[in-house]
Amino acid sequence: MICTLCPRRCAALRTETAGEGFCAMPSAPVVARAMLHRWEEPCLSGTRGSGAVFFSGCVLGCVYCQNGRISREGFGRTVSVPRLREIFLELIAQGAHNIDLVSPTPFAPAIREALEEPLPVPVVWNTGGYERVETLRSLEGRVQIWLPDMKYADRALAERYSGAADYFEAASAAIVEMHRQAGDYVIEDGLLRRGVVIRHLLLPGALDNAKAVMDWLSKTFRPGQVLFSLMAQYTPQPGAEGSLARRVRGGEYRAAAAYMENLGITDGYCQDLSSAREEYTPAFDLQGV
C-alpha cells in the first residue's frame with residue numbers, strides 16, 4: 001500500500017512485511033503486548049481492567065515519549081488479522097471491559113478488517129490525536145469509544161516536541177469527527193459505553209498551552225458531550241533538556257486544575273501528581289501476543 005493514513009501523508013510504500021516513511025511499519029499489525037490495563041481512566045479500567053493492545057510504531061515523534069521502545073525502536077511481533085482478532089477475544093475472556101487499541105493508526109485497515117464482526121465489548125481508539133478525518137471515517141461503526149490526546153494548541157510547541165506543526169489543526173478536526181461518530185458520552189454502571197475522552201498531558205513549563213487546549217475544549221463542546229482528562233504523569237526521559245528535564249511542579253498542576261474548574265469543565269478527571277512514576281509504563285515483552 002502507498003500510505004496516506006495519517007496527516008503526514010508521506011506516501012510511503014508499506015508491504016505486509018516491511019515499511020518505509022515516518023512510522024516505518026509494515027501494513028500487517030505489529031503488537032508489543034496485550035494485557036489487562038488497570039491504569040486508564042476509571043470509566044475504562046473499571047474493576048477488571050481495559051483490554052489494552054499496544055501497537056508498535058507511531059505517527060508522532062514526541063521527544064518525551066515514555067513508550068520509546070515501541071514508538072521509535074519498533075519492538076513488537078507482526079501478527080495476522082485473524083490472530084489480532086484472537087487477541088481481542090482472549091482479552092475479553094480474561095474479563096476486559098473493552099478492547100483498548102493503543103497507537104493503532106498505522107494499522108487502521110487491518111484493524112478495520114479484524115473488527116468486521118462486532119465484539120461484545122466497546123472498542124477504544126487510544127491515540128495521540130494526530131489523525132486524518134478520512135481515516136477515522138473508514139472506521140465508522142467499528143469504534144465506540146475515542147480516546148485522543150489533545151497535546152498542543154501551540155504550533156511552535158507541537159513542532160519542537162513532536163515534529164508536527166499542524167498538530168492542532170489535525171487533532172481538533174479529528175476530535176470533532178470522533179464526537180460526530182460516537183455522540184455524547186454514555187456511562188452505565190460506572191463504565192463508558194460510548195463517547196469521547198480527550199486527554200491532555202500537562203508538560204513542565206507549558207501551562208499556557210494547557211490553558212489554550214482547555215479554552216478550545218470549552219468553546220467546542222457543551223457540558224455532557226465529552227469527557228476531559230487532565231494528566232500529570234509526565235516523566236523526564238533520558239537526555240531530556242530544558243524544562244522537559246524536570247517533572248511538573250505542584251503549582252503548575254494546581255493552576256491547570258483551577259483553570260479547568262473555572263471554565264466549568266466538570267465532566268472528566270484530574271490525575272494525581274503521584275502518577276508521574278516509571279512503573280505506570282508497562283513492560284513490552286510480547287505478553288499476550
Side-chain angles (χ1 to χ4, degrees), residues 1-37 40 49-62 65-94 96 98-119 121-132 134-136 138-139 142-143 146-149 162-164 281-289:
M1 66 181 284
I2 302 299
C3 188
T4 58
L5 290 173
C6 84
R8 296 186 189 278
R9 288 182 276 189
C10 57
L13 175 63
R14 297 174 61 205
T15 69
E16 286 195 3
T17 57
E20 301 173 351
F22 189 87
C23 72
M25 285 288 108
S27 60
V30 182
V31 182
R33 184 163 180 175
M35 58 179 282
L36 292 180
H37 193 0
E40 302 287 35
S50 184
V53 180
F54 290 88
F55 292 94
S56 302
C58 185
V59 300
L60 285 170
C62 304
C65 181
Q66 293 179 242
N67 296 344
R69 191 177 186 210
I70 61 174
S71 65
R72 291 192 293 269
E73 298 173 19
F75 174 81
R77 176 179 293 161
T78 303
V79 300
S80 66
V81 169
R83 175 57 191 150
L84 183 61
R85 174 83 183 186
E86 287 177 357
I87 291 171
F88 297 163
L89 296 176
E90 288 166 4
L91 289 168
I92 293 169
Q94 293 171 34
N98 50 63
I99 293 300
D100 182 6
L101 308 173
V102 184
S103 299
T105 308
F107 310 110
I111 292 170
R112 182 175 65 242
E113 185 179 348
L115 295 173
E116 186 170 350
E117 183 180 344
L119 295 174
V121 299
V123 174
V124 182
W125 194 262
N126 185 340
T127 167
Y130 194 54
E131 302 277 2
R132 284 192 72 199
E134 293 80 0
T135 299
L136 301 181
S138 75
L139 297 160
R142 289 172 167 82
V143 175
W146 301 92
L147 184 59
D149 290 337
S162 296
T281 302
F284 299 115
D285 54 8
L286 302 181
Q287 176 183 317
V289 181

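Keep in mind that what you see is a predicted model, and the values were worked out from it rather than measured. Quick note: numbers below take in every heavy atom, side chains included, and nothing from hydrogens, waters or symmetry partners.
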Below 4.5 Å, heavy atoms only, C-beta onward: do Leu5 and Met1 meet side chain to side chain? yes
I'd like to know if the side chain of Arg14 reaches the main chain of Pro26, judged simply by a donor and an acceptor atom lying under 3.5 Å from each other, with no hydrogens or angles considered. yes
Between Ala110 and Pro29 the two heavy atoms that sit nearest each other are CB-CG, 3.7 Å
Stepwise, does the side chain to side chain contact (heavy atoms under 4.5 Å, CB included) test hold for Trp146 with Leu136? CA-CA 10 Å; Trp146 301 92; Leu136 301 181; 3.7 Å; yes
Give every residue pair that meets the side chain to side chain donor-acceptor pair (under 3.5 Å) criterion with at least one member in residues 103-112, sequence neighbours excluded. Thr105-Glu131, Arg112-Ser138
Specify the closest pair of heavy atoms between Ala28 and Phe107, including all atoms of both residues, with the distance to one decimal. O-CE2, 3.3 Å
Partners of Gln94 by side-chain hydrogen bond (donor to acceptor under 3.5 Å, both in side chains), sequence neighbours excluded? none
Under the side-chain hydrogen bond (donor to acceptor under 3.5 Å, both in side chains) test, which residues partner Glu86, sequence neighbours left out? Arg83
A side-chain contact here means heavy atoms from C-beta on lying under 4.5 Å apart; do Trp125 and Leu147 qualify? no
Just jot down the side-chain contact (heavy atoms from CB on, under 4.5 Å) partners of Asn67, sequence neighbours excluded, or say none. Cys65, Ile70, Thr281, Phe284
Not counting sequence neighbours, which residues clear side-chain hydrogen bond (donor to acceptor under 3.5 Å, both in side chains) with Ser162? List them please. Tyr152
Honestly, is Arg69 close enough over Phe75, meaning NZ or CZ under 6.0 Å from the six-membered ring centre and within 45° of the axis? yes
I'd like to know if the side chain of Arg132 reaches the main chain of Thr4, judged simply by a donor and an acceptor atom lying under 3.5 Å from each other, with no hydrogens or angles considered. yes
Do Arg77 and Val30 touch side chain to side chain, with heavy atoms closer than 4.5 Å? no
Can you sort out the partners of Asn126 under side-chain hydrogen bond (donor to acceptor under 3.5 Å, both in side chains), two or more places apart, ordered by chain and number? Glu40, Asp100
Using modelled atom types only, decide if a donor and an acceptor are shared between the side chain of Ser27 and the backbone of Thr15 within a distance under 3.5 Å. yes
How many angstroms lie between OG1 in Thr135 and CZ in Arg9, if you round to the nearest 0.5 Å? 9.5 Å
Are any side-chain N or O atoms of Arg85 and backbone N or O atoms of Glu117, one a donor and one an acceptor, separated by less than 3.5 Å? yes
Less than 4.5 Å apart, any side-chain heavy atom of Phe55 and any of Leu101? yes
Between Val31 and Val53, which heavy-atom pair has the shortest distance, and what is it? CG1-CG1, 3.8 Å
